[in-house]
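Just follow the structure's listing: the first ligand is 1, and inside any ligand the first atom is 1.
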Amino acid sequence: MNKKIIIAVDGHSSCGKSTLAKDIAKHLNYKYIDTGAMYRAVTYYVIENKLYEGKIINEEALKKDLDAGKINIDFRYNPELKQSETYLNGKHIEREIRGIEVSNLVSPVAVIPFVRKKLVDLQRAMGKEGGIVMDGRDIGTNVFPNADLKIFLTADAEIRAQRRYDELKAKGEDVSLEAIVKNIKERDYIDSHRETNPLRQAKDAVLLDNSHLTMQEQAQKAIKLAENILTRNMH
Ligand code: DC
C-alpha cells in the first residue's frame with residue numbers, strides 16, 4: 001500500500017497557504033491542519049481572560065493556565081461547510097479568531113517559547129500517522145523536519161495586501177490599503193525575527209511564489225510535486 005505522506009506548507013502571512021494546503025488535502029483525501037488557528041486560539045484565550053496589556057502578554061498567568069490544562073484546542077469537522085473548525089474548551093471560535101483583535105495580538109503570543117512548545121507537541125501528535133497537510137511557519141523546519149514534501153509559499157507584500165484589501169472590501173469592511181501593507185510587513189518581520197522557530201525556508205523546501213499565479217495554478221504545481229513523491233515511493 002502507498003504510504004501516506006506528510007506535507008508541510010510554510011510561508012509568509014496572507015499569501016494563501018491555507019487555500020493551497022486545503023486544495024492539496026482535498027485532492028489527496030488527506031487531513032488538513034491549520035496551525036495558525038492554534039496560535040490564534042491561544043491568543044483568543046489571552047484576550048478573553050485579559051492576560052495582556054497593549055502588546056505585552058502576562059506570560060506567568062498564561063503559563064499557569066496552559067500547564068493547568070485550561071486551554072484545550074481541537075478541530076471539528078463541519079459537514080455543512082465541509083471544513084474543519086477551531087474550538088477552544090468546547091466553544092466554537094472559528095469566526096472570532098479571524099478578527100482584527102486576534103490578528104493584532106497573535107504575533108506576540110506566537111513568540112512565547114512555552115506556547116510554541118505546547119502547540120508543537122500537539123501538532124506532532126496530530127500528524128504522526130501521516131496523511132496530513134499542515135500549514136504554518138515552522139512546520140518544515142521544526143515540527144516535521146522529515147516531512148516528505150515541504151513547500152515554502154510566498155508573494156510580494158504589496159500583492160498580498162491588495163488581495164486582503166479586496167477581500168475585506170467585498171465583505172463591506174472599511175479598511176485602508178496602507179494599514180494592511182503595514183500589518184503584513186510587521187507580521188513578516190516579527191515572524192522571521194523571533195528567537196524560537198523563526199519563519200525561514202527549509203533547505204529542502206520547494207519555493208513557490210504565487211504573486212502571478214492563480215489559485216488553480218498554484219494548486220496544480222503543488223499537487224504535481226506531491227504526486228511525484230507518491231509515485232516515487234511506490235517503486
Ligand atoms: O497563518 P496565520 O496568519 O493564521 O497565523 C497566525 C500567526 O501565528 C502568525 O502571525 C504567525 C503565527 N504562527 C506561527 O508562529 N507558527 C505557525 N506554525 C503558525 C502560525
Side-chain angles (χ1 to χ4, degrees), residues 6-25 32-47 52 55 57 59 62 66 71 73 75 83-88 93-127 132-145 147 150-155 157 160-161 163-164 167-168 180-202 205 208 210:
I6 294 179
I7 301 175
V9 179
D10 290 301
H12 291 106
S13 291
S14 297
C15 63
K17 286 187 302 295
S18 63
T19 306
L20 176 65
K22 276 184 213 161
D23 283 348
I24 305 171
Y32 159 64
I33 293 165
D34 174 358
T35 64
M38 299 166 77
Y39 290 93
R40 287 173 181 271
V42 175
T43 307
Y44 176 78
Y45 182 91
V46 165
I47 294 171
Y52 71 108
K55 296 230 166 175
I57 316 295
E59 294 192 23
L62 178 59
L66 207 58
I71 308 179
I73 302 161
F75 295 108
Q83 62 180 26
S84 90
E85 297 181 330
T86 318
Y87 284 73
L88 176 70
I93 54 161
E94 189 58 38
R95 196 176 52 83
E96 290 83 346
I97 60 168
R98 309 293 165 189
I100 191 79
E101 236 190 318
V102 169
S103 299
N104 279 338
L105 202 63
V106 64
S107 283
V109 170
V111 301
I112 302 173
F114 66 79
V115 171
R116 302 203 67 82
K117 179 168 187 327
K118 191 88 177 178
L119 296 188
V120 167
D121 287 348
L122 205 59
Q123 289 152 15
R124 288 188 179 140
M126 286 172 165
I132 55 149
V133 186
M134 196 173 271
D135 89 44
R137 305 291 188 290
D138 61 338
I139 311 306
T141 50
N142 176 50
V143 182
F144 290 115
K150 300 179 186 177
I151 294 172
F152 191 87
L153 192 63
T154 191
R160 284 184 273 149
R163 289 177 185 156
R164 185 94 190 98
E167 240 173 60
L168 292 170
I180 297 176
V181 173
K182 186 166 171 279
N183 174 274
I184 283 184
K185 287 190 172 167
E186 236 172 58
R187 292 208 305 170
D188 283 355
Y189 187 86
I190 299 179
D191 290 347
S192 336
H193 288 82
R194 67 170 172 239
E195 243 172 69
T196 315
N197 317 138
L199 167 68
R200 57 182 176 78
Q201 184 181 343
L208 196 55
N210 71 12

* To do: Around atom 18 (N) of ligand 1, find the nearest protein heavy atom and jot down its residue, atom name and distance.
  => Asp138 OD1, 2.8 Å
* For the side chain to side chain contact (heavy atoms under 4.5 Å, CB included) test, which of Asn104, Leu105, Val109 pairs with Ile47? -> Leu105
* Asked: Got a salt bridge between Arg163 and Glu167, using NZ or NE/NH1/NH2 to carboxylate O under 4.0 Å?
  -> no
* Under 4.0 Å from a heavy atom of Ser107: give me the atoms of ligand 1 that qualify, with their elements. => 10 (O)
* To do: Give the atoms of ligand 1, by number and element, whose distance to some non-hydrogen atom of Arg116 is under 4.0 Å.
  => 14 (C), 15 (O), 16 (N)
* To do: Could you grab the distance from atom CZ of Arg40 to atom CG of Asp34, nearest 0.5 Å is fine?
  => 8.0 Å
* Does a side chain donor of either Ser103 or Arg98 reach within less than 3.5 Å of an acceptor in the other side chain? -> no
* For Tyr189, does the OH atom sit with more than 12 other heavy atoms under 6.0 Å from it, leaving out its own atoms? -> no
* Side-chain donor or acceptor of Asp10 paired with backbone N/O of Asp138 under 3.5 Å -> yes
* Where is the nearest protein heavy atom to atom 19 (C) of ligand 1: which residue, which atom, and how far? -> Thr35 OG1, 3.3 Å
* Structure fact -> Under 4.0 Å from one or more heavy atoms of Ala110, ligand 1 contributes atoms 12 (C), 15 (O)
* Asked: Would you find a donor on one side and an acceptor on the other, under 3.5 Å apart, between the side chain of Thr86 and the backbone of Phe75?
  -> no
* Structure fact -> Check: of Arg187, Arg40, Arg137, min heavy-atom distance to atom 13 (N) of ligand 1 comes from Arg137
* Asked: Who's the nearest protein heavy-atom neighbour of atom 11 (C) of ligand 1, and how far?
  -> Asp191 OD1, 3.5 Å
* Structure fact -> Taking only non-hydrogen atoms of Gly136 and a 4.0 Å limit, the atoms of ligand 1 in range are 17 (C), 18 (N), 19 (C)
* For atom 7 (C) of ligand 1, which protein heavy atom lies nearest, and how many Å away is it? -> Val106 CG2, 3.6 Å
* Hey, is Arg194 touching ligand 1 through its side chain, its backbone, both or neither, going by heavy atoms under 4.0 Å? -> side chain
